[in-house]
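Working notes, beginning with the structure itself.
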Amino acid sequence: MNIQLYDTRTQTLCALEPVRPGAVGIYVCGPTVQSAPHIGHLRSALSYDLMRRWLSARGLEVTLVRNVTDIDDKILVNAETTGEPWWALAYRVEREFSAAYDALHVLPPTYEPRATASIQRMQLIIERLIERGHAYPAADGSGDVYFDTASWPEYGALTHQRREDMVDAADADPRGKRDPRDFALWKGHKPGEPETASWASPWGAGRPGWHIECSAMSTQYLGETFDIHGGGRDLRFPHHENELAQSAAAGFEFARIWVHNGLVSVGEQKMSKSLHNSVFAADLLGSAPAQAVRYFLGSAHYRSTLEYSATAIEEARRAVERINGFVARAAETLAGEVPEAAVPDEFAAAMDDDLNVPQALAVLHERVRAGNAALATGDLDGLRSAAGEVSAMLQVLGLHPDDYRTDAQAESGLEQALDVLVQQRLHERAAARQQRDFSTADRIRDELTEAGVTIEDTADGAKWSING
RNA sequence: GGUGGAGUGGCCGAGUGGCGAGGCAGCGGCCUGCAAAGCCGUAUACGCGGGUUCGACUCCCGUCUCCACCUCCA
């Protein structure tokens with residue numbers, strides 16, 4: 001096995017050499033559940049879902065921990081706006097995220113810890129940092145505790161910045177910091193903030209700072225040394241830099257490989273609330289098939305910026321249709337007897353090479369083409385081989401059409417009812433064609449097309465399908 | 001100012017020092033009553049200027065443009 005991943009810290013492709021042979025621990029920065037998920041969140045989750053699926057396919061026992069940060073400044077602020085208790089908002093948003101992940105067939109992580117359930121361990125780490133001289137309670141009596149960046153020579157190691165080059169935030173509130181670059185590990189409770197957002201601590205009641213929760217949750221479940229830490233590119237600084245500094249200063253070896261997924265842009269700009277260009281998960285999944293959305297999100301390498309457009313989604317939909325068409329025809333021709341198969345070597349090589357999914361998709365399409373060709377020439381052995389490999393690749397990519405047949409569709413009886421009605425029309429059309437009454441035949445086809453039903457004439461008669 | 005990344009054919013998007021991934025769209029052909037689907041074939045390319053090399057889109061230097069982070073952000 002020779003799996004390579006690009007590591008942000010060393011800026012090189014690293015061979016994955018698990019801390020525990022045969023097993024891999026991955027920690028992914030999940031969302032701060034402050035507002036609705038957008039397509040960028042989906043892309044991030046999908047990137048690590050693909051990583052997890054591939055490492056599993058390679059025989060590794062994967063432990064994937066993706067946190068939910070459910071206490072944070074923004075959550076408190078947004079809850080004030082909506083009038084909900086902050087914890088109700090956090091949970092409501094968390095469920096929106098889960099629904100979007102499920103729709104995309106992002107597998108549930110091994111565990112999904114919430115920040116609010118890890119306060120004790122955060123405090124333990126903060127205490128340790130104070131003991132070691134890398135953190136200090138604010139002198140202003142605010143109850144805040146800060147990480148002392150000056151005490152940590154390696155500060156900036158992840159993002160290759162020198163501490164002295166860092167521009168101080170113009171609008172940062174210095175409060176009790178010794179240096180503007182110091183960051184909060186613990187925030188003292190302030191009058192007016194909900195009592196429910198306050199936990200007792202050796203430094204007074206308060207709540208955690210933004211970065212400490214990840215140091216606590218990752219090491220809690222994966223150990224003080226673990227294999228892979230992932231997150232969005234925009235989290236490199238300050239979040240991951242601070243997370244690394246406080247973890248290392250606390251004496252943890254921490255993550256071996258730091259992986260960062262690229263962002264989704266709209267109109268060549270990053271999606272952001274202030275630009276009002278966010279594409280929300282619910283809207284997107286409501287307007288395009290989940291399978292196509294998943295394909296689209298995987299169509300660029302995970303580290304590249306991915307440009308969103310309605311056209312791109314439509315192209316993904318077409319590509320997926322092509323794949324689904326082959327899978328359906330192959331299953332029918334083989335009477336469902338699609339053999340189990342391994343993924344092709346080229347596919348495996350692409351995935352091993354820093355999860356080159358676009359390259360892997362090229363292999364998938366090549367096999368689909370070969371399968372279609374086999375179908376056209378009646379080469380059943382070739383068809384079986386291609387169908388098996390295609391199926392295996394689709395499983396790894398989470399794109400198998402069988403997974404996307406919704407239960408509602410299958411169980412409601414709608415499909416059967418529609419089939420009866422469409423078959424009646426197809427019989428009429430077949431009769432008309434037999435009499436060479438093509439205008440009647442075409443009228444029937446046009447009517448069905450108008451209704452969103454596509455007709456294909458095959459050697460076995462007409463087939464129908466719903467336009468994606 | 002610092003740090004990281006990108007500029008590839010109509011569009012999206014991989015990649016490599018030397019037979020131009022893949023998808024979508026296009027064109028020609030096969031199939032079809034006509035379509036659809038599929039198959040076969042096919043055009044269009046590597047921001048710009050130098051350099052290294054037998055040969056560079058790929059390496060080096062310079063240059064232009066764009067994006068991200070340095071403030072909450074996947």
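Since the structure is predicted, the reported quantities are computational estimates derived from the model, not experimental observations. Proteins come first, then strands; the chains are lettered A, B, ... in the order of their sequence lines, and each starts at number 1.
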Identified pairing partner of [N], criterion: Watson-Crick or G-U wobble below 3.5 Å:
{"N": "B:C39", "value": "B:G29"}
{"N": "B:G22", "value": "B:C12"}
{"N": "B:C69", "value": "B:G2"}
{"N": "B:A74", "value": "none"}
{"N": "B:U53", "value": "none"}

**Study point:** CZ/A:Arg92: more than 12 non-hydrogen atoms of other groups inside 6.0 Å
**Key:**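 Above 12, so yes.
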Taking [M] as the reference, what is the distance to [N] when you measure between their [atom1] atoms (whole Å, please)?
{"N": "B:G13", "M": "B:C54", "atom1": "P", "result": "37 Å"}
{"N": "B:G33", "M": "B:C27", "atom1": "C1'", "result": "24 Å"}
{"N": "B:G55", "M": "B:G17", "atom1": "C1'", "result": "8 Å"}
{"N": "B:G5", "M": "B:C24", "atom1": "C1'", "result": "26 Å"}
{"N": "B:C46", "M": "B:U16", "atom1": "C1'", "result": "12 Å"}
{"N": "B:C19", "M": "B:G51", "atom1": "P", "result": "23 Å"}
{"N": "B:G7", "M": "B:U58", "atom1": "P", "result": "12 Å"}

Please state whether the phosphate of [N], meaning OP1 or OP2, lies under 4.0 angstrom from any side-chain nitrogen or oxygen of [X].
{"X": "A:Asn372", "N": "B:A37", "value": "no"}
{"X": "A:Arg322", "N": "B:G38", "value": "yes"}
{"X": "A:Arg429", "N": "B:A35", "value": "no"}

Spell out yes or no: do the side chain of [X] and the base of [N] have one donor N/O and one acceptor N/O closer than 3.5 Å?
{"X": "A:Asp442", "N": "B:G33", "answer": "yes"}
{"X": "A:Arg445", "N": "B:C34", "answer": "yes"}
{"X": "A:Asp457", "N": "B:A35", "answer": "yes"}
{"X": "A:Glu315", "N": "B:G23", "answer": "yes"}
{"X": "A:Arg236", "N": "B:G4", "answer": "no"}

Review point. Got a donor-acceptor contact below 3.5 angstrom from the A:Asn67 side chain to the A:Gly30 backbone?
Key: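 Yes.
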Point to revise | Sidechain-backbone polar pair: A:Asp353 side chain, A:Asn356 backbone, donor-acceptor under 3.5 Å | key: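 No, because the side chain of A:Asp353 does not come within donor-acceptor range (under 3.5 Å) of the backbone of A:Asn356.
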Base, sugar-phosphate or nothing for [X]? Non-hydrogen atoms, less than 4.0 Å.
{"X": "A:Arg329", "answer": "sugar-phosphate"}
{"X": "A:Arg436", "answer": "sugar-phosphate"}
{"X": "A:Gln11", "answer": "sugar-phosphate"}
{"X": "A:Val264", "answer": "base"}
{"X": "A:Thr311", "answer": "nothing"}
{"X": "A:Phe237", "answer": "sugar-phosphate"}
{"X": "A:Arg443", "answer": "nothing"}
{"X": "A:Ser304", "answer": "sugar-phosphate"}
{"X": "A:Gly40", "answer": "base"}
{"X": "A:Gly325", "answer": "nothing"}
{"X": "A:His38", "answer": "base"}
{"X": "A:Ile455", "answer": "base"}
{"X": "A:Ala312", "answer": "nothing"}
{"X": "A:Glu366", "answer": "nothing"}

Nearest to the side chain of [X] - [options]?
{"X": "A:Thr32", "options": "B:G13, B:A21, B:A74", "value": "B:A74"}
{"X": "A:Lys74", "options": "B:C72, B:A21, B:A74", "value": "B:C72"}
{"X": "A:Asp165", "options": "B:G22, B:G13, B:G2", "value": "B:G2"}
{"X": "A:Pro238", "options": "B:A25, B:C70, B:G13", "value": "B:C70"}
{"X": "A:Ala441", "options": "B:G33, B:G23, B:C39", "value": "B:G33"}
{"X": "A:Arg318", "options": "B:C12, B:A74, B:A25", "value": "B:A25"}

Once you round it to whole Å, what is the distance between [atom2] of [N] and [atom1] of [X]?
{"X": "A:Leu399", "N": "B:G23", "atom1": "CG", "atom2": "C1'", "answer": "13 Å"}
{"X": "A:Phe326", "N": "B:A37", "atom1": "CZ", "atom2": "P", "answer": "17 Å"}
{"X": "A:Asp72", "N": "B:C72", "atom1": "CG", "atom2": "P", "answer": "10 Å"}
{"X": "A:Asp7", "N": "B:G5", "atom1": "CG", "atom2": "P", "answer": "12 Å"}
{"X": "A:Tyr308", "N": "B:G13", "atom1": "OH", "atom2": "P", "answer": "14 Å"}
{"X": "A:Gln359", "N": "B:U16", "atom1": "CD", "atom2": "C1'", "answer": "11 Å"}

Check your understanding: Any idea which heavy atoms bring A:Ala290 and A:Leu104 closest together, and the distance?
Key ->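 Scanning both residues completely, I find the closest heavy atoms to be O-CD2, 3.5 Å.
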Review point. A:Phe254 and A:Phe226: aromatic ring centres closer than 6.0 Å?
Key: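 Ring centroids of A:Phe254 and A:Phe226 are less than 6.0 Å from each other.
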